[in-house]
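Remarks on the structure that follows.
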Amino acid sequence: MRCIDEEREALLTFKQSLVDEHGVLSSWGREADKRDCCKWRGVHCSNTTGHVKVLNLLTSDEENARRKVLKGEISPALLELHDIRHLDLSNNHFSASPVPEFIGSLSKLSDWFQVVAKLHSLKSLVLRSCALPPVNPSFIWHFNLSTSIQTLDLSDNNLPSSSVYPWLFNLSRNIIYLNLGSNSLRGSIPEAFQHMVSLKSLDLSDSELEGGIPKFFGKMCSLKELGLSENKLSGQFSQVIQNLSGGCVVNSLERLYLPYNDFTGPVPLLGGFSSLEALKLHFNRLNGTIDKSLSQLSKLESLSLDGNSFTGVISETFFSNMSNLQELFLADNSSTLKLSDDWVPPFQLKWLSLASCKMGPHFPKWLQTQNQLVHLHISNVGISDTIPDWFLDLSSKLSYLNLSNNHIKSKLPDLSLRFDGTRSGGTSIDINSNHFEGPIPPLPSNSPFLNLSKNKFSGSVTFLCSISENTWNFLDLSSNLLSGGLPDCWLHFDSLFVLNLANNRFSGKIPDSMGFLNNIRILNLHNNRLTGELPSSLRNCSQLRVLDLGKNTFFGEIPTWIGESLQNLIVLSLKSNKFHGNIPYQLCHLGFIQVLDLSLNIISGNIPKCFNNFSAMTYERCSNPTIGFGKYILVPPRTGYYYKYLVNLLLTWKGSENEYKSTLGLVKCLDLSSNKLGGAIPEEIMDLVGLIALNLSRNNLTGPITPKIGELTSLDFLDLSTNLFSGSIPSSLSQLSGLGVLDLSYNNLSGKIPLGTQLQSFNASVYAGNLELCGLPLANMYPDEESTPSPGTDDDSDTLEDEDDQLITLGFYVSSILGFFVGFWGVCGTLMLNRPWRHGYFNFLTGMKDWVYVIAAVNISKLQRKFRN
């Protein structure tokens, strides 16, 4: 049965509104061999009527990664497909264009949900990642909404609760699969979900839901999958299980996803969930042991408990009933795995992550029985063994291998033979922070990620030129003993995003071919023996975010093309080289720069006034504490993992050099120290209110310190030492309450140190070498508080204290003694000689004592009665 003419024309009109750069819809057309629209890609028709029943233009994750997607607008011509049952347009880039009229809130139709009302036969609607606008609730009751929908996917549209709940619950009776993940749902989970009696799968992940998991979920007898990951849900996990155990769902539930929430406490016994196949609880705050609570889940295929606080020993008996287990994630806990060498697991794992568990010192022999492994992560587990031969036989299906942060010692075998490149997607390999030694062997050409850093590899890297084609995205060979020149064959590595060769012994010049790294984001050549001028070809690396060339012997002037062509830079470090000349004003084009380190060079001239164009330094806060680059790496056929490479940078801070990685994104630093800069500090620098560290020490800077320095309220580190600054210390400096490090030593500062707890809290060495500076914490006194000579006294050594002492003469002592004698005996002598006076005086004292006692007793009694009442 051929397709209906009207529906073919509607589809072609729909195609005309799209931008199809990769020929995704090349099978659609009016040519004679293409007239049957039922044979077009993504179109399925009824075998009896010829009407279009399915339009599925879903872009796969692999196509999306290669940007092989549809763009443009969604034409309202789709409304002509009256019998359509399934519509899937997800993972395309319609959001780059105006929201289409028949879906969005434009002139003809008020809200996109009205499409649902017009397609009365629609059973499946998938509008994932379509940038849908919020629904206008005032229009909801004006339309007869379709109640035939069984599958509804509106995920990843940032829709608020008010745009979803009011009309969604009218469709609830027949919905079987509902995905509202990655929207802006807030508050507690509505009880109206309990009326979705047919619901088998519910996904409310990646929103802002709060509170606990309601009891009504326990009575949803059809529910098989419940996804609530990445919310703000909280409470004792035992209460969650109690709520879900209160009805029939305990028998039906197959997949429970609760990661990235705030559940606490131990995991109770889950033996009653007899159908459970997947349990994901990673990155909560769960604790206790897991040796008994999960061991009865015989149908379990996937168990994820990463990033909690579990303790105790996990033995073979824990896994004895888990013959179906395929995925096991126990990383980042404090559990100990005690498994015998001859143990044969009842399962065949595909994904295994045991990072930071205790299982060394030898490679676990039971792994050699696992010949289906795709993902293996056993970093920081205490292995201090050599790699056994059987271990590398696991490699045929591996897409990810992580052995980092152990104590593995040996030479590395030829990885290009073990991972020969035939597996689609390649194998990511991370063996950093071990004790591997010797030359680096040939590496597999299709590995997206290779991290061999922090080992003892030696020799050259000329082997790189033998790799004519590769798909590398990340290559990290830093912190080894590698030497020789950098190879001049980077033309073949245009897929690289990250290249880190820091902390080695490379020598010679940067080859011109590095300019062919068109996609490079991070280039780190720090701490080598490289020399020469920077090649102008690097200006082609316009995607660079981080460029670290510090601690080499590069010379020449700082190239102007850095500011002209590399305007995406976040970090630029040229420290400890031999650059000379002025700072080019073109650097002021680096609006995203957060760390600029030009210290320890021979740079002269003045500091450019245009540094206030460093826009990123004018913001006091940064949303991301790290700087890095991530990529989703596909693992065919349908899975994958996200890898993020974090930048680490050595910064001189508080007198010592420290490595910053997990907090580098929070650092905003300007370091021009140890150069030959002159002139005054431009006041424009005081616009950089986000600066955390400002180091201008060891230069020839002159003039007063501007009072505007108090506007740098984020400063934690300020070093202006060893310059030629003059004048007084501005009082505004005492207002920088967060200042942790200050050095103003060895300048020509004068006058009084401004009072304030901040400036007085520093050691006196902070102000050393300023001979005309006075006041605390320095030992010398303020001039206006020093002693002055006594009037009428010729001796300059006399003081006010001396004058006071001169008043205490012999006559003073004689008068004091006579006064005491007359006063004492005038009273006491009279009482002793006159008996009636003596008796009267003591009777008066006795009466006064009795009066005070009575008054006190009466008042205490009144208070006691008051308090009793």
**Request:** Check the pair Ile431, Ile408 against side-chain contact (heavy atoms from CB on, under 4.5 Å), reporting the backbone distance first and the verdict last.
**Result:** CA-CA 9 Å; Ile431 58 172; Ile408 304 170; over 6 Å; no

**Request:** Please test Ile681 against Leu720 for side-chain contact (heavy atoms from CB on, under 4.5 Å), starting from the C-alpha separation and ending with a verdict.
**Result:** CA-CA 10 Å; Ile681 301 177; Leu720 303 179; 4.2 Å; yes

**Request:** Start with the C-alpha gap between Ser353 and Phe329, add the side-chain angles, then the distance that decides, and say whether side-chain contact (heavy atoms from CB on, under 4.5 Å) holds.
**Result:** CA-CA 5 Å; Ser353 178; Phe329 299 91; 3.5 Å; yes

**Request:** Check the pair Arg545, Ile627 against side-chain contact (heavy atoms from CB on, under 4.5 Å), reporting the backbone distance first and the verdict last.
**Result:** CA-CA 9 Å; Arg545 304 310 196 261; Ile627 297 175; 5.7 Å; no

**Message:** What verdict does the side-chain hydrogen bond (donor to acceptor under 3.5 Å, both in side chains) test give for Ser182 and Asp156, after you've listed the backbone C-alpha separation in whole Å, the side-chain angles of each residue and the deciding distance to 0.1 Å?
**Reply:** CA-CA 4 Å; Ser182 299; Asp156 195 19; 4.7 Å; no

**Message:** Run Ser513 and Asp488 through side-chain hydrogen bond (donor to acceptor under 3.5 Å, both in side chains) and show every step you take.
**Reply:** CA-CA 6 Å; Ser513 63; Asp488 193 6; 2.5 Å; yes

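Here the side chains of Leu412 and Asn455 are not in contact, with every heavy-atom distance at 4.5 Å or above. Between Ser495 and Asn473 there is a side-chain heavy-atom pair separated by less than 4.5 Å. For the pair Leu475 and Leu496, the minimum side-chain heavy-atom distance is below 4.5 Å. Using a 4.5 Å heavy-atom cutoff, the side chains of Arg505 and Leu481 are in contact. Put simply, the side chain of Leu744 reaches to within 4.5 Å of the side chain of Leu733, judged on heavy atoms. Looking at heavy atoms from C-beta onward, Leu530 lies in side-chain contact with Phe554 at the 4.5 angstrom threshold. Counting heavy atoms from C-beta outward, Ile562 and Gln586 have side chains that stay 4.5 Å or more apart. Using a 4.5 Å heavy-atom threshold, the side chains of Trp561 and Leu538 count as touching.
If you take CE on Met617 and CG on Leu590, they are separated by 9.0 Å, rounding to the nearest 0.5 Å. Note: Phe614 CZ to Asp687 CG = 12.5 Å, rounded to the nearest 0.5 Å. Between the CG atom of Leu482 and the OG atom of Ser460 there is a distance of 8.5 Å, given to the nearest 0.5 Å. Here CG of Leu477 is found 8.5 Å from CG of Asn500. Values are rounded to the nearest 0.5 Å. Note: Asp743 CG to Asn763 CG = 10.5 Å, rounded to the nearest 0.5 Å. The structure places CD1 of Ile692 at 9.0 Å from CD of Glu620, a figure rounded to the nearest 0.5 Å.
Here Phe629 and Tyr645 keep their ring centres 6.0 angstrom or further from each other.
Between the side chain of Asn284 and the backbone N or O of Leu286 there is no donor-acceptor pair closer than 3.5 Å. Not one N or O on the side chain of Glu684 forms a donor-acceptor pair closer than 3.5 Å with the backbone of Asn612. Side-chain atoms of Lys668 come within 3.5 Å of backbone atoms of Tyr619 as a donor-acceptor pair (strictly under, hydrogens ignored). Of the possible donor and acceptor atoms, one in the side chain of Asn406 sits under 3.5 Å from a partner among the backbone N and O of Gly382. Between the Asn675 side chain and the Asn699 main chain, no donor and acceptor come within less than 3.5 Å of each other. Checked by atom type and distance alone, the side chain of Asn577 never pairs as donor or acceptor with a backbone atom of Phe579 at under 3.5 Å. Judged purely by atom type and a 3.5 angstrom limit, Ser714 uses its side chain to pair as donor or acceptor with the backbone of Val689. Looking at Asn504, its side chain does come within 3.5 Å of a backbone N or O of Asn480 through a donor-acceptor pair. Of the possible donor and acceptor atoms, one in the side chain of Asn524 sits under 3.5 Å from a partner among the backbone N and O of His526. The backbone N or O of Asn528 lies less than 3.5 Å from a partner atom in the side chain of Asn552, making a donor-acceptor pair.
Using cut-offs of 30° and 60° for the angle between ring planes, the Phe457 and Phe436 rings count as parallel. Ring-plane geometry between Tyr585 and His589 is classed as perpendicular, the angle between the planes exceeding 60 degrees on a 0 to 90 degree scale with a lower cut at 30.
Minimum interatomic distance between Leu650 and Lys575 (heavy atoms only, all atoms of both residues): O-NZ, 4.4 Å. Here the closest heavy-atom approach between residue Asn261 and residue Pro259 is recorded as ND2-O, 3.2 Å. In terms of heavy atoms, Ile603 sits closest to Ile583 at CG2-CG1, 3.6 Å. Across all non-hydrogen atoms, the minimal contact from Ile602 to Lys578 is CD1-O, 4.3 Å. Scanning all heavy atoms of the two residues, the minimum distance from Gly515 to Asn540 falls at O-CB, 3.3 Å. Shortest non-hydrogen contact noted between Leu724 and Asn700 is CD1-O, 4.1 Å.
Residues satisfying the salt bridge (charged side-chain N to carboxylate O under 4.0 Å, His left out) test with Asp494, not counting sequence neighbours, are none. Applying the side chain to side chain donor-acceptor pair (under 3.5 Å) criterion to Asp671, with sequence neighbours excluded, gives Ser673.
Every pair tested for disulfide (SG to SG under 2.5 Å) that includes a residue from residues 494-558 fails, sequence neighbours excluded, so the list is empty.
Between the side chains of Ser478 and Asn503, no donor-acceptor pair of N or O atoms lies under 3.5 Å. Side chains of Ser207 and Asn231: no donor on one and acceptor on the other come within 3.5 Å. Side-chain atoms of Ser356 and Asn380 form a donor-acceptor pair, as typed in the model, at a separation below 3.5 Å.
Around NZ of Lys358, the count of heavy atoms belonging to other residues, nucleotides or ligands within 6.0 Å exceeds 12. Dense packing is recorded around CD of Glu564, with more than 12 heavy atoms of other residues, nucleotides or ligands lying under 6.0 Å away. The neighbour count for Arg698 CZ, taken as heavy atoms of other residues, nucleotides or ligands under 6.0 Å away, does not exceed 12.
By the 4.0 Å N-to-carboxylate-O rule, Asp262 lies too far from Lys232 to be salt-bridged with it.
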